[in-house]
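Sequence lines set the chain letters: A, B, ... in the order given, protein chains first and strands last, and positions in each chain run from 1. Every value quoted in this text rests on a predicted model; they were computed, and no experiment measured them.
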There are 2 protein chains.
Amino acid sequence: MVTLADVARHAGVSASTVSYVLSGKRSISQETRRRVEESVVELGYHPNAGARALAARRSHIIALVVPLRSDVYVPIMMEIAISVTMAARQHGYDVLLITNDEGVDGVRRVAASGLADGVILMDVELDDERIPALRAQGTQASLIGLPDNASGLSCVDHDFAAAGAMCADHLADLGHREIAFIGYGAGVYQRHAGYAERTLSGFRARADQRGLRFLHRSCEGTFESTAGTLARVLADRPDTTGFVVQNEGAIGPLLNLLRSSGRTVPEDASVVALCPEQLAEQYSPRLTAVTGPTKELGRVAVEQVMGRITAASRGGRPTDELVLLDPVLTVRESTGPAPR
Amino acid sequence: MVTLADVARHAGVSASTVSYVLSGKRSISQETRRRVEESVVELGYHPNAGARALAARRSHIIALVVPLRSDVYVPIMMEIAISVTMAARQHGYDVLLITNDEGVDGVRRVAASGLADGVILMDVELDDERIPALRAQGTQASLIGLPDNASGLSCVDHDFAAAGAMCADHLADLGHREIAFIGYGAGVYQRHAGYAERTLSGFRARADQRGLRFLHRSCEGTFESTAGTLARVLADRPDTTGFVVQNEGAIGPLLNLLRSSGRTVPEDASVVALCPEQLAEQYSPRLTAVTGPTKELGRVAVEQVMGRITAASRGGRPTDELVLLDPVLTVRESTGPAPR
DNA sequence: TTGAAGTGTCGAAGCGCTTGAACTGCCGGT
DNA sequence: ACCGGCAGTTCAAGCGCTTCGACACTTCAA
């Protein structure tokens, strides 16, 4: 193993000089810098992570806490995890994967041991027990999702309210007047999942504003449940021509059921999905959908923790940010003008 | 921050005694152990990861290298990542996520800096450039996948040959005589992807043995490509009644095309998929499928690195293991007796 | 009774790095 | 001629932990 001292000897300087060359924290002459850098390459030196962490009191690691199972579409979680990892590397950081089966202890352990300098929490609940733990330890963190009380923390999430509003606007623009909002299962609303509630209220507000009549129905996302939901919607409001779906599982069944009930999409009924692009593309017809920028979510979360870590290490008080990312409406084949 | 010394003082013993209580590496009296453990809890002591890594020359971290994009169905990757993380925790290890955009350097960096004690590589290619790098550094590693030359490494993978054979057997048992094997795109076979070749040769051998006639056709996994492939298969061999599909993208199209060509599944044609359970369940009819145990893949990989790490730290030469996991055939609704 | 072996604890020397303080020239200003 | 200041470098003291060797004491066989 090559150490700092080896490099110093090889370059004919002291260990601290090598350290300063590497960290850039003090001015070093051209000549010395060159010699040191050459030696580093020649010897294949890699600073020892443990020693560095111990001396500098910075591990250059952030922990990413991923949910074990969730309502979240799995490829999206993976995309976030990857964008977090790549963004972290830009800052010279690595990412430690923590699964949520450890619960609060995982976060505590990783922060208290100095294993991680900061934490990113995915799939945050409104009233998340990990949040007080983070606050108690003074751990720098960024949440992907929006809890009840975010003081002392930074958060980033999709702007679900805007997404809901976009759906309403799009259908209204196309002349639809009767809309059905097919949402998540009742349980999701009962536990006040933020994304579900915010989408719905954003949709509701805009729908009212645009004079739309609408029905919100929760749906478990199975074929049977979707069939039941759709039947009731059409019984209550036979003139419904617009559908907003926020439930990955219900999309496929809904399309099949509309078709088999003799309604052609988009001629007879328009469907807007709140789902990832990937999913929207894979149905036939391809779905008009409102989507949030997934990668951005990870990137922003990393910027937030990084900002907090450097602020804290400078003795400052990190500022709590709250970033809501604008969703994007992509018009595809599943929406069209309302039938007359 | 609470340190070892704080605990020692609080318990009225020396620092080394506390260390030995925690590591269990020397015998400690009941009484002392109790006092120390109490102090640990009372003070909320968490050993500092950096210091521990430095002194013990063990970071208690393994790196997991995930592919950025791949032929692998994403939720499966996530499932592996999670099972790796959980299995690692059982050994007191944490998992560092490395994306493959760093390429070989990522592996080198993480191992050379002592950040990770071992590495798990996912999505290994037959001739993977990261393998020589691992060997050169003497890094303990386990590969998920089977490279050309695995000497000095441990590997774990699904037994794709057995999976292929299972498909052949199942269809033969049901009386099918003409089979089409719908595989991955031509590119996958051209670069000799191990899983594709091994499945095919396992299938081929068993099909020959069972006296099946079969056609192997590569397919890009789009609707158009699947349509073309199927048309050609049916033109060449109109009597084909059994289909084996190893291509996530082709499954949906294939089912639709069979249906629209007037063939009912499973009455007129049987379909066996080589795909994750999750996928097999989501089609209608639900697919008879051959699946490998995903979680096991991660778990075994972890056991392998752990084994190697401890062997190496005892001065031994870690043994190279090669584990192939048995696939499982789950009969669902897409296969039935061959029509007469 | 004595020595050998075993048990439980401690002291101290690092592990490889960072960083504040101190040092050395050298320059320009007075 | 002298001093202050500055850029560039080095010294040395840790960071918090592990672990080797030593020590004190007990036990047990010869």
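- Less than 4.0 Å separates DNA chain D from at least one heavy atom of each of the following residues of residues 41-61 of chain A: A:Leu54, A:Ala55, A:Arg57.
- A donor-acceptor pair shorter than 3.5 Å cannot be found between the side chains of B:His10 and B:Glu38.
- Checking side-chain atoms of B:Ser113 against main-chain N and O of B:Arg109 turns up a donor-acceptor pair under 3.5 Å.
- In this structure, OG1 in A:Thr85 is found 11.5 Å from CD1 in A:Ile80, a value given to the nearest 0.5 Å.
- Of the charged side-chain nitrogens involved, at least one lies within less than 4.0 Å of a carboxylate oxygen, so that A:Arg34 and A:Glu31 count as a salt-bridged pair.
- The two residues B:Val36 and B:Val7 come nearest to each other via the heavy atoms O-CG1, 4.3 Å.
- Taking every heavy atom of both residues into account, A:Ala112 and A:Gln137 meet most closely at N-OE1, 3.4 Å.
- Side-chain N/O atoms of A:Ser142 and A:Gln304 include a donor and acceptor closer than 3.5 Å.
- We find that A:Arg57 and A:Asp117 are not joined by a salt bridge, their nearest charged nitrogen and carboxylate oxygen being 4.0 Å or further apart.
- Only A:Ser19, A:Tyr20, A:Lys25, A:Arg26, listed by number, bring a heavy atom of residues 19-40 of chain A to less than 4.0 angstrom from any atom of DNA chain C.
- The stretch residues 8-16 of chain B touches DNA chain C through B:Val13, B:Ser14, B:Ser16, each having a heavy atom under 4.0 angstrom from the strand.
- Between A:Val124 and the options A:Val65, A:Asp148, A:Leu153, A:Leu143, a side-chain contact (heavy atoms from CB on, under 4.5 Å) holds for only A:Leu143.
- Remark: B:Asp94 CG to B:Arg89 CZ distance equals 5.0 Å, nearest 0.5 Å.
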